[in-house]
Amino acid sequence: MSISEFFNRKSRAVIAAVTLALGAGGGYIGHETAQQTTQPQVSEFTLQQLPDNMTEKQFVSGKLPVNATYDALQPARVDEFTARIDAMAQLKSQMRFMASDLYIESEAKLRDDAVSFVNDLRVAENLSERNYADLVKDYNARVGLDVSAVTGNYTKGIMYQQDAQLGVMFGMIFGDDDMTPAQISREVGDAMLEGQKMADNAGLAGGAAGLLLGGLLTVPLWRRRNYPKVGK
């Protein structure tokens, strides 16, 4: 089942159950209803920085809460992905002077590296959505190879990227399918695109609000998850 199908068909019942479970002990349930939230903004925080008393309104605002903790791994993760862009950009530049046979080989490597970059970026931890947006912009400017035919969406719905990460993790808890890291990443991209479509069509009403609320309620589960980490 795709992530869009999961949220469209199952989210109401599952979210209701999780709301009851987490509500008894506090947690991350916002004080605002989904219909009262504003249009989501690209976040300035990583998922590791969210305080225990963060509300849904704060989450969609994208602003770093005053009581957020410092994510010590964030700068290193940005540097890691920037270095990968550096390497791809260098290879692209060198390809202009290559003989045809070496060019073909290098072109294949560049595409493989780009696919790997996108797959890892969408599920990377310790990055804010602003980091994600800046890295995609840098990649498009210096590499500019569109690999969406292989990877799926990675440019639309960036303001839903963290919701999508949490939502896919939530789906894995209740799903029976084992997915590869690339498939998990593609699900994140699909959810980002789904959020963008719903935001374009109806703001945060209906399904888009469900995606947001489902993501916010799973933050505690994100921190306690025990499935293999990807994008490291």
Side-chain angles (χ1 to χ4, degrees), residues 2-4 42-48 71-169 171-172 177-197 199-200 227-232:
S2 70
I3 191 66
S4 60
V42 174
S43 76
E44 304 293 340
F45 49 74
T46 74
L47 290 175
Q48 302 296 336
D71 190 339
L73 296 179
Q74 185 179 15
R77 293 297 275 154
V78 172
D79 289 346
E80 174 191 331
F81 281 102
T82 300
R84 292 172 70 170
I85 296 173
D86 292 341
M88 287 185 285
Q90 182 178 19
L91 177 59
K92 180 182 178 181
S93 177
Q94 293 171 342
M95 286 169 57
R96 295 178 297 170
F97 308 102
M98 292 179 180
S100 59
D101 55 341
L102 185 56
Y103 181 94
I104 294 173
E105 180 181 337
S106 298
E107 185 179 41
K109 175 176 171 32
L110 180 61
R111 182 168 297 276
D112 288 345
D113 289 348
V115 168
S116 176
F117 170 83
V118 168
N119 284 337
D120 290 347
L121 180 62
R122 280 185 306 209
V123 294
E125 300 181 23
N126 308 103
L127 292 178
S128 68
E129 289 170 348
R130 174 59 57 198
N131 295 147
Y132 181 101
D134 290 344
L135 288 164
V136 169
K137 182 179 179 180
D138 188 18
Y139 167 83
N140 285 335
R142 296 200 285 144
V143 182
L145 181 60
D146 182 1
V147 291
S148 57
V150 178
T151 65
N153 168 65
Y154 56 94
T155 59
K156 300 183 187 307
I158 292 177
M159 68 280 202
Y160 288 102
Q161 188 256 344
Q162 288 177 338
D163 302 78
Q165 283 187 310
L166 294 171
V168 169
M169 186 278 297
M172 290 174 66
D177 298 332
D178 292 328
M179 294 189 293
T180 66
Q183 289 172 326
I184 294 171
S185 179
R186 180 151 191 154
E187 289 279 271
V188 172
D190 288 347
M192 290 165 58
L193 181 59
E194 194 72 17
Q196 182 67 66
K197 288 178 179 177
D200 291 343
Y227 61 85
K229 294 183 180 181
V230 295
K232 286 294 187 184

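Start at 1 with the first residue, then count along the sequence.
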Run the side-chain donor-acceptor check on residues 102-114: report pairs under 3.5 Å with partners two or more places apart or on a different chain.
from   : atom 1 : to     : atom 2 : distance (Å)
Ser106 : OG     : Leu102 : O      : 3.0
Lys109 : NZ     : Asp113 : OD2    : 2.9

Donor-acceptor contact present, side-chain Asn153 to main-chain Thr155, <3.5 Å: yes
Should Glu187 and Val123 count as side-chain neighbours, where that means a heavy-atom distance under 4.5 Å? no
Looking at Gln162 and Ser128, what are the two nearest heavy atoms and their distance? NE2-CA, 3.8 Å
Gln48 side-chain N/O to Ala72 backbone N/O, donor-acceptor pair under 3.5 Å: no
Taking all heavy atoms of Glu129 and all of Tyr160, pick out the closest pair and write down the distance. OE2-C, 3.9 Å
If every non-hydrogen atom of Met192 is compared with every non-hydrogen atom of Tyr154, which pair is closest and at what distance? CE-O, 4.2 Å
Are the side chains of Phe81 and Asp120 in contact, using a 4.5 Å heavy-atom criterion? yes
Do the charged groups of Asp71 and Arg77 touch, with an N to O distance under 4.0 Å? no
Can you say whether the rings of Tyr139 and Phe117 are parallel (under 30°), tilted (30 to 60°) or perpendicular (over 60°)? parallel
Could you report the tightest heavy-atom contact between Lys156 and Leu193, atom names first, then the distance? CD-CD1, 3.6 Å
Where the side chain of Arg142 meets the backbone of Gln90, is there a donor-acceptor pair that is under 3.5 Å apart? no
Across all chains, not counting sequence neighbours, the side-chain contact (heavy atoms from CB on, under 4.5 Å) partners of Val78 are Thr82, Leu127, Asn131
Can you tell me how far the CZ atom of Arg122 sits from the CD atom of Gln165, to the nearest 0.5 Å? 11.0 Å
